[in-house]
Amino acid sequence: MTFDAKARIARLRAEIEQHNHAYYVLDAPVIPDAEYDRLFRELQTLEAQHPELATPDSPTRRVGGKPLDAFVPVRHAVPMLSIRTETDISDAGAIAFDARVRKELGLGESEAPVEYSCELKFDGLAINLRYERGVLAQAATRGDGETGEDVTQNVRTIHCIPLHLKGCAAEVLEVRGEVYMSRKDFQRYNEKQRAQGLPTLVNPRNGAAGSIRQLDPALAARRPLSFFAYGLGETRGWASPATHGEVLAALAKMAVPVSDERAVVHGAQGLVEFHRRIAAKRDSLPFDIDGVVYKVNRLALQTELGFVSREPRWAVAHKYPAEEQLTVVRDIDIQVGRTGKLTPVAKLAPVFVGGTTVSNATLHNEDETRRKDVRIGDTVIVRRAGDVIPEVVGVVLDRRPADAGKPFDLFKRLHGKCPVCGSRIAREEDEADWHCTGGLFCPAQRRRALLHFAGRRALDIEGLGDKLVEQLVDAHLVETPADLYDNRKLDLQTLAALDRMGEKSAQNLLDAIEHSKRTTLARFIYALGILNVGEATAKDLAQHFGSLDNLLAADAESLQQVRDVGPVVAQSIVDFLAEAHNREVIAQLRAGGVHWPEHEQRQMTELPFSGKTFVLTGTLVSMTRDEAKEKLEALGAKVSGSVSKKTDYVVAGAEAGSKLDKAQDLGVAVLDEQQFLALLNVNE
Ligand code: IVH
């Protein structure tokens, strides 16, 4: 029995680590997440049942252990030194380095060019990974170069760092490199924090450093970090290759992440070309770099060159222009996005940062602006990295002038009105953003409102897509969805005169618009594009109120009587309907002929599945999932995407996955296809 468990555990560990590598290093997962989760849970369960089989290199150990009181100091077997930085960012920086190396090596002009290994200079935190007999034994920060801190628990949570090396059982192999946060992970993390009104990270470098030095490994595990190796520390029992380039290749073979953006080149010209080539693609790299690093490739030559004052003579960092700069906030504007979201934007004294001149930078939202306490007149740090929009990351308080503005107050600044259309602005409780409530009317939201209105799940106006909406808006033919039904504005002749239109397409569009007039109340409500009102909520509202007039008359309290409508959604609807501009457009739509069958409230709630929630999972033989959904909804049921305690039935077709597991865990009734069909028939 124990033997079986042991073999299964070993197999699972190997498989999971392989999937980790495919996912985190190669960026090419081979199995679905759900399957990975299943393997992981199986391993966790087996390890819990067999504590004697636990090992420090099991992938289950990546989830973080107990919080620490302090980090334990680690003395480095080989000091972790830093490298000289070449501040001349032009070609001259590379040429000067090559000249120094040649001079130190006593090479004459006629002698062959020196071979260099060129790499990126990653912008994160230096880490030493100590592998003993191929297993990750300890991870330490650089500290002062002699003594760092033991951050093994946190480093284990970095998925791309192998817990054991592939095909290397050397007594000791210390891998050195940089822990960093990718731009995407940084943005995603900050967006999540911002949406919850929580503090954001200043930049990816602080994100990486802060997470590694976080005493609670569970918190560290929440921050998505990555790693690239660039060298070695102590080695014992390892036959080193002759060049640095080969060392990196050997590490990559052991499944240690090594950046592909590296090259072995010859002479100053080779360095210059590498510097230029990387400069050209710096913006499109998925992570921040602040320069490149040149290293003499032959390890024997490195030894010969040695060190001056703790810096190797054989390596140099050659910088690029900074991605963060200081400048002054001249004003704070508020922009209205396509969804009506109001975003404060700092108007800056123009500054050259990240390769372009920047004069606007986003402040994201009111809370963030207040948290950073950005005021007009302040000196701020502006960041522009990659193709990400420039942002203000912080204020230099020492430089705040005596006459700086007041703390930012978005409502006051706008006198409560949308700067584009004058509609009221609102901010829902629990939401970070202010919105313009004039969704159907506001020019900033016009295109999106029209596209949404015409969408397949809304009024379904065939052929009214992106380009056509753009044309109609640009030609001032259509400003609100109601204009589509106003034949004084849209007629065959005017339409046919549009670019690339012609009479046939114009007639098709008019037919599609005519056709869309006959709709359902649920589709109509959804088409209005009310903040927080998706298709499911629109259906619930239609079912509950039965008629548009009932909905128009509802207050926040009666809205909350509707299934799944809480205070936030109710308030969004109240705000939308409180805006006279929107009501006007609704009235015009009805006057234009948009109509639907209306039901009495009572009639609707008496349907056989009223109040029942279903979840569909797996594949049904007799119908598609959409058809099943339609049938259920026609019988009054609500169809939800996820299983909870509130679910009444889960319909499980072939190959049902985690939803079925969850239903069983929660004790929710599960129907197979036969039972489901029987239920439909009985109730039809
Ligand atoms: S080599 C003895 N290579 O830059 C040479 N360092 O001062 C040791 N860094 O904090 C460093 N990318 O963490 C080297 N490709 C690279 C690097 C790199 C980033 C960091 C390193 C250290 C600083 C060097």
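As the structure lists them, so they are numbered: ligands from 1, and atoms in each ligand from 1.
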**Q.** Backbone N/O of Q325 and side chain of R384: donor-acceptor pair under 3.5 Å
**A.** no
**Q.** Taking atom 8 (C) of ligand 1 as the reference point, the nearest protein heavy atom with its distance
**A.** L81 O, 3.7 Å
Q) Just which atoms of ligand 1 are under 4.0 Å from any heavy atom in K121? A) 4 (O), 12 (N), 19 (C)
(Q) Under a 3.5 Å distance rule, please check whether H318 uses its side chain to pair with a backbone N or O of S90 as donor and acceptor. (A) yes
Q: For the pair D150 (side chain) and V72 (backbone), establish whether a donor and an acceptor sit closer than 3.5 Å, ignoring hydrogens and angles.
A: no
Q. Is it true that E366 and R370 make a salt bridge, defined as a side-chain N closer than 4.0 Å to a carboxylate O?
A. yes
Q: Could you check atom 7 (O) of ligand 1 against the protein and tell me its nearest heavy-atom contact, residue, atom and distance included?
A: I83 N, 2.8 Å
Q | D185 bridged to R183 by N-O distance under 4.0 Å | A | no
Q. Where is the nearest protein heavy atom to atom 3 (N) of ligand 1: which residue, which atom, and how far?
A. K295 NZ, 3.0 Å
Q. Hey, is ligand 1 close enough to F122 that some N/O pair sits below 3.5 Å?
A. yes
Q) Under 4.0 Å from any heavy atom of P312, which atoms of ligand 1 are there? A) 2 (C)
Q: Using the ring of Y131 (Phe, Tyr or Trp, six-membered ring only), decide whether R236 places NZ or CZ under 6.0 Å from its centre and within 45 degrees of its axis.
A: no
**Q.** Numbered atoms of ligand 1 (with element) below 4.0 Å of E119, judged on heavy atoms
**A.** 3 (N), 15 (N), 16 (C)
Q: Starting from atom 17 (C) of ligand 1, find the nearest protein heavy-atom neighbour and note its residue, name and distance.
A: Y230 CD2, 3.5 Å
Q) With a cut-off of 4.0 Å, which atoms of ligand 1 are near a heavy atom of S82? A) 7 (O)
Q.
For atom 13 (O) of ligand 1, what's the nearest protein heavy-atom neighbour? Residue, atom name and distance, please.
A. E178 OE1, 2.4 Å
Q. Is there a side-chain contact between V155 and F227, using heavy atoms and a 4.5 Å cut-off?
A. no
**Q.** Proximity flag D123 to ligand 1, non-hydrogen atoms under 4.0 Å
**A.** no
Q. Which ligand 1 atoms does A126 reach within 4.0 Å, using its non-hydrogen atoms?
A. 13 (O)
Q. How long is the gap from OG1 on T343 to CG on D433, to the nearest 0.5 Å?
A. 6.5 Å
Q) For V293, is at least one N or O under 3.5 Å away from an N or O on ligand 1? A) no
Q) What class does the angle between the rings of Y230 and F122 fall in, given that below 30° is parallel, 30 to 60° is tilted and above 60° is perpendicular? A) parallel
